[in-house]
Amino acid sequence: MLASFPPGYFQQPVVDLARALIGATLTLEGVGGMIVETEAYDRDDPASHTFRGQTARNAAMFGPAGHAYVYRIYGMYWCLNVVCGELGRGAAVLIRALAPDVGIAEMQVRRGLTGPKGLASGPGRLCQALGIAREHDGLDLTDMPFALHPAPAGLPILTGPRIGITKAVEQPWRFGLAGSPHLSRRF
DNA sequence: CCAGTGATTCTCT
DNA sequence: GAGAATCACTGGC
């Protein structure tokens, strides 16, 4: 039996959770791998979708911690977040990349690739590889069809500024697994 | 580097 | 409500 998160684990500060999720294992219907890159988005954070309050799109970010916030971006891609903090906080961790482990063949089909590279190295790619879309918005990531298990202790973690944002660009709220070949970009 | 892509949100009437 | 701006990205030059 794999280890599980203790009760209330996801109700910690979002930057702490973003760091802690590096090395955690995420799967959807048995397809996935180890998370190697995350970013934190908090309520009082100009780069966060929740900065201007609750809307139809970001409602899941105000829901229970440990659940998914899935949104569409640029009209073509989905991005996955882990909701964090006490109920109504409006904070979440963007899952930016994972190291493909189980269901690699399935990921290759979904991504239209034949090689092992770039399968889930980026938030849009990751969702395409795992088959994550709108119907997963708000679902509990620690329960079927998802599974999420804690990282081993002592992993080397990289820290840096977040990617692709135009506000609060200086905040070092991006985290990565040092040495991983599956990061979306170098730190 | 830069265009594609369309939902969501903003900013006025 | 309507029109405009924005956008937590990706793939191809």
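In what follows, every chain begins at residue 1, and chains take the letters A, B, ... in the order their sequences are listed.
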Quiz prompt | Selected nucleotide, minimal atom distance to Ile73(A) side chain, candidates dC7(C), dT10(C), dT9(B) | solution =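 The closest nucleotide is dC7(C).
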Quiz item: Nearest to the side chain of Arg57(A) - dC7(C), dC9(C), dT8(B)?
Solution: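 Of the options given, the side chain of Arg57(A) lies nearest dT8(B).
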Backbone N/O of [Y] and side chain of [X]: donor-acceptor pair under 3.5 Å:
{"X": "Arg89(A)", "Y": "Cys84(A)", "answer": "no"}
{"X": "Asp42(A)", "Y": "Asp44(A)", "answer": "no"}
{"X": "Asn58(A)", "Y": "His49(A)", "answer": "yes"}
{"X": "Arg174(A)", "Y": "Glu37(A)", "answer": "no"}
{"X": "His182(A)", "Y": "Leu98(A)", "answer": "no"}

Quiz item: Ring stacking, Tyr41(A) with base of dA8(C), under 5.5 Å and under 30°?
Solution: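 According to the criterion (under 5.5 Å, under 30°), yes, Tyr41(A) stacks.
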Quiz prompt | Aromatic ring of Tyr77(A) stacked on base six-ring of dC9(C), 5.5 Å, 30° | solution = no
Quiz item: Do Gln128(A) and Arg111(A) have side-chain atoms, one donor and one acceptor, less than 3.5 Å apart?
Solution: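 Side-chain D/A pair, Gln128(A) to Arg111(A): present.
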In this structure, how many angstroms lie between the [atom2] atom of [N] and the [atom1] atom of [X], rounded?
{"X": "Gln54(A)", "N": "dT8(B)", "atom1": "CD", "atom2": "P", "result": "15 Å"}
{"X": "Ile132(A)", "N": "dC9(C)", "atom1": "CD1", "atom2": "P", "result": "15 Å"}
{"X": "Leu183(A)", "N": "dT10(C)", "atom1": "CG", "atom2": "P", "result": "13 Å"}
{"X": "Arg72(A)", "N": "dG4(B)", "atom1": "CZ", "atom2": "P", "result": "17 Å"}
{"X": "Met76(A)", "N": "dT10(C)", "atom1": "CE", "atom2": "P", "result": "11 Å"}
{"X": "Arg52(A)", "N": "dT6(C)", "atom1": "CZ", "atom2": "P", "result": "11 Å"}
{"X": "Arg185(A)", "N": "dC1(B)", "atom1": "CZ", "atom2": "C1'", "result": "13 Å"}
{"X": "Gln171(A)", "N": "dA8(C)", "atom1": "CD", "atom2": "P", "result": "16 Å"}

Exercise. Using the P atom on both, measure dT11(B) against dA8(C) and round to a whole Å.
Key: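 Nearest-Å result for dT11(B) against dA8(C) at atom P: 16 Å.
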Would you mind classifying the nucleic acid contact of [X] as base, sugar-phosphate or nothing, using non-hydrogen atoms under 4.0 angstrom?
{"X": "Arg134(A)", "result": "sugar-phosphate"}
{"X": "Thr55(A)", "result": "sugar-phosphate"}
{"X": "Arg162(A)", "result": "nothing"}
{"X": "Leu94(A)", "result": "base"}
{"X": "Arg174(A)", "result": "nothing"}

Practice problem: For the pair Asp16(A) and Arg19(A), find out whether any cationic side-chain nitrogen is under 4.0 Å from an anionic carboxylate oxygen. | Solution: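 Salt bridge present between Asp16(A) and Arg19(A).
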Quiz item: Do you know which two heavy atoms are closest between Ala40(A) and Val14(A), and how far apart they sit?
Solution: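 Heavy atoms only, the tightest pair is CB-O, 3.8 Å.
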Quiz item: Could a donor-acceptor pair under 3.5 angstrom be found where the side chain of Tyr74(A) meets the base of dA7(B)?
Solution: no
Quiz prompt | First encountered from the 5' end of DNA chain C, between Ala92(A) and Arg125(A) | solution =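 In this pair, the answer is Ala92(A).
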Quiz item: Is Lys167(A) near enough to dC7(C) that one of its side-chain N or O atoms lies under 4.0 angstrom from OP1 or OP2?
Solution: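 Answer is yes, contact under 4.0 Å.
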Quiz prompt | Short side-chain N/O contact to dA8(C) OP1/OP2 from Ser48(A), under 4.0 Å | solution = no
Practice problem: Map every base of DNA chain B to its dot-bracket character, where paired means a Watson-Crick or G-U wobble contact with both distances under 3.5 Å and | marks a partner outside the strand. | Solution: ||||.|||||||.
